[in-house]
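Residue numbers start at 1 and run along the sequence shown. Atom set for the values below is all heavy atoms of this structure, side chains included, hydrogens, waters and symmetry mates excluded. Ligands are counted one by one from 1 in listed order, and the atoms in each one are counted from 1 as well.
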Amino acid sequence: MVTSELQFAVKPSLTPSELDDVGALVAEARWNQLAADWRIFIELGCVYAAHTGEGRIVATTATLPYGDRFAWISMVLVKGEYRRHGLATQLMRRAMEQLAREDRIPILDATPDGRAVYRRLGFEDSWGFARLLRRERQRAAATFVGPADVTIRAMVDQDWPALSAYDAAAFGAERGAVLAGLRGRLPSAELVAERAGRIVGFALGRDGGLAAQVGPLIADDTAIAAALLARAVDGLEGPLFVDLADSKQEVRSLLDARGFTEVRPFTRMLYGSSTRFDDAARTFAVIGPEFG
Ligand SMILES: CC(C)(COP(=O)(O)OP(=O)(O)OC[C@H]1O[C@@H](n2cnc3c(N)ncnc32)[C@H](O)[C@@H]1OP(=O)(O)O)[C@@H](O)C(=O)NCCC(=O)NCCS
C-alpha cells in the first residue's frame, strides 16, 4: 500500500465498479448509505475520490451546496489500511478550497473520529445530535395522542411547494432537490402535520444498508414533532435510525419508550464559526449526517 502513488479526482459519475468500491467503504465504516444516496451527491454536488493506479477508490469526500451561503461536506471515508496517511485531510482541503471559491461556508456532522480531523482544519463545534437505533418495532405502552387541532396525514405531491418553503425557513436554505431524492424510499414516513390548512411540521425517511431512517423531522413544536414521529415509527417494521437533536429530550423519551438506544454521537461543525443557520426550535431530527 503506497499512498504517494494514489491519484485524486472529482467524479462526474460512479461506474458500477466504483459504486462497489464506495459501497465497501460505507460497509467497512458500518455506515448506512446506498447507491441512491451517492447519486444525490453526483447529481447535486461533488464527489472527490482518491484512487489507485488501477482506478480502485480508497477514500472519498463529498460536497453538497445548499443555497449560496453554505454547503455540506460528508462521506469522508478512508479504507482501513490507508488511514493515518493524511488522505482525509487532503480530500477535505480540496473540497474546502472549492467551497471557498464559491464563497460557501463548509458545514459537516462529525463522528468522534472525524471531529479530530476537522478541528485541525478550523471547524468549530455548533450543536449535537445522537443516532438512535431501534432493532425491532416495539409498541409503546400507551398510544401517543397529538395536539387536537393538528392533523397528521400522508404527504402528497401538492404539498411540495409549501413543504419546501417551510423546510427552507427551518433549515436555512432551500433543499427541495435533496428532499425530493428521498421521496418514495420510505413512503410510510412521508408525513405532513397541518393546522387550519397550514403546514406545521413534516417527516421524511429513506431506506439504508443497516436500517431505514426517519428524518428530517421539522415541526413548529415538540407536541407536533412527537405526533409525527410516533406515527412514523409505529408504522414501520424492522431496524430504524433517528438522528435526534440533543436538545429535544422530550422527544427522546418517546423514542426510549419504543426501544431506541443511542448508537453514536455526532457534532455539527462549521468552518470558522459555531453559529448555526438552521432554526434550533424546529429542527428535531436531521436527514442524516451526510445531508444535514
Ligand atoms: C476519520 C477518517 C476519515 C480519518 O481519515 P485519515 O485519512 O486517517 O485522516 P488523516 O490521516 O487525514 O488524519 C489527520 C489527523 O486527524 C487526526 N485523526 C485522524 N484519525 C483519528 C482517529 N481515529 N483518532 C484520533 N485522531 C485522528 C490525527 O491528528 C491525524 O493526524 P496524525 O495521523 O498525523 O496524528 C478515517 O479514520 C475513517 O474513514 N473513519 C471511519 C469513517 C469516519 O468516521 N469518517 C468521518 C466522518 S465525520
Side-chain angles (χ1 to χ4, degrees), residues 1-9 11 18-34 37-38 40-41 45-52 56-64 66 70-99 105-133 208-211 213 215 241 243-246 262-272 274 276 285-292:
M1 185 273 299
V2 189
T3 50
S4 60
E5 287 174 6
L6 293 174
Q7 294 159 33
F8 292 87
K11 292 285 166 191
E18 289 173 332
L19 271 175
D20 286 347
D21 291 344
V22 298
L25 291 176
V26 166
E28 184 181 6
R30 298 210 34 82
W31 285 9
N32 202 34
Q33 294 82 10
L34 300 174
D37 298 303
W38 287 101
I40 293 178
F41 293 109
C46 202
V47 174
Y48 298 79
H51 60 85
T52 64
R56 304 317 301 253
I57 293 177
V58 297
T60 56
T61 290
T63 59
L64 200 53
Y66 281 129
F70 60 90
W72 231 252
I73 299 186
S74 62
M75 306 312 290
V76 182
L77 286 163
V78 178
K79 194 172 174 175
E81 71 244 46
Y82 289 86
R83 288 181 190 167
R84 301 309 281 263
H85 290 280
L87 282 182
T89 304
Q90 283 192 65
L91 286 166
M92 281 291 297
R93 285 198 195 286
R94 280 163 196 261
M96 291 167 69
E97 279 163 20
Q98 180 56 34
L99 295 181
I105 295 174
I107 307 182
L108 50 80
D109 291 326
T111 59
D113 280 359
R115 186 163 168 260
V117 179
Y118 308 136
R119 283 169 67 91
R120 288 166 40 127
L121 288 167
F123 283 80
E124 295 179 21
D125 294 355
S126 181
W127 56 280
F129 62 89
R131 166 149 299 183
L132 306 173
L133 168 67
L210 303 174
Q213 175 154 13
F241 287 140
D243 289 340
L244 187 75
D246 292 340
E262 180 165 340
V263 183
R264 58 168 70 146
F266 285 93
T267 307
R268 181 152 295 181
M269 306 176 84
L270 286 80
Y271 178 66
S274 58
R276 58 200 290 175
V286 304
I287 301 177
E290 65 281 63
F291 295 122

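- Between Ile40 and Glu290, every side-chain heavy-atom pair lies at or beyond the 4.5 Å cut-off.
- In this structure, Ser74 and Pro289 have side chains that are not in contact, with every pair of non-hydrogen atoms separated by 4.5 Å or more.
- The distance criterion of under 3.5 Å between nitrogen or oxygen atoms is met by Val76 with respect to ligand 1.
- Compare Glu28, Arg120, Arg30, Arg264 by their heavy atoms: the one nearest to atom 34 (O) of ligand 1 is in Arg120.
- A heavy-atom distance below 4.5 Å is found between the side chains of Val26 and Leu77.
- In this structure, the protein non-hydrogen atom closest to atom 43 (C) of ligand 1 is Trp31 CZ2, 3.5 Å.
- Contacts between His85 and ligand 1, counted as non-hydrogen atom pairs separated by less than 4.0 Å, involve the backbone only.
- With Thr60 contributing its side chain and Met75 its backbone, the two residues share a donor-acceptor pair below 3.5 Å.
- In this structure, of Leu121, Val78, Asp113, the residue bringing a heavy atom nearest to atom 1 (C) of ligand 1 is Asp113.
- Here the heavy atom of the protein found nearest to atom 41 (C) of ligand 1 is Arg83 NH2, 3.6 Å.
- In this structure, the side chains of Phe41 and Tyr48 stay at 4.5 Å or more apart for every pair of heavy atoms.
- Looking at heavy atoms from C-beta onward, Tyr271 lies out of side-chain contact with Leu99 at the 4.5 angstrom threshold.
- The shortest side-chain heavy-atom distance between Val76 and Tyr118 falls under the 4.5 Å cut-off.
- The line from CG of Leu132 to CZ of Phe129 is 10.5 Å long, rounded to the nearest 0.5 Å.
- For atom 16 (O) of ligand 1, the closest heavy atom belonging to the protein is Val117 CG2, 3.5 Å.
- Looking at Thr89 next to ligand 1, an N or O pair under 3.5 Å apart turns up.
- Taking all heavy atoms of Ala116, Pro112, Ala29, Gly86 into account, the minimum distance to atom 17 (C) of ligand 1 is reached by Ala116.
- Those atoms of ligand 1 with a heavy atom of Tyr118 less than 4.0 angstrom away are 46 (C), 47 (C), 48 (S).
- The closest protein non-hydrogen atom to atom 22 (C) of ligand 1 is Arg84 NH1, 3.6 Å.
- Close approach of ligand 1 to Leu77 (heavy-atom distance below 4.0 Å) involves ligand atoms 39 (O), 42 (C).
- Polar contact check, Thr111 against ligand 1: a nitrogen or oxygen pair lies under 3.5 Å apart.
- Those atoms of ligand 1 that come under 4.0 Å of a heavy atom in Leu87, given as number and element, are 7 (O), 12 (O).
- In this structure the side chain of Tyr82 reaches within 4.5 angstrom of the side chain of Thr3, judged on heavy atoms.
- With respect to the salt-bridge test (charged N to carboxylate O, under 4.0 angstrom), the residues Asp21 and Lys79 do not qualify.
- Only the backbone of Asp109 comes within 4.0 Å of ligand 1, judged by heavy-atom distances.
- The single protein non-hydrogen atom nearest to atom 5 (O) of ligand 1 is Ala88 CB, 3.2 Å, given as residue, atom name and distance.
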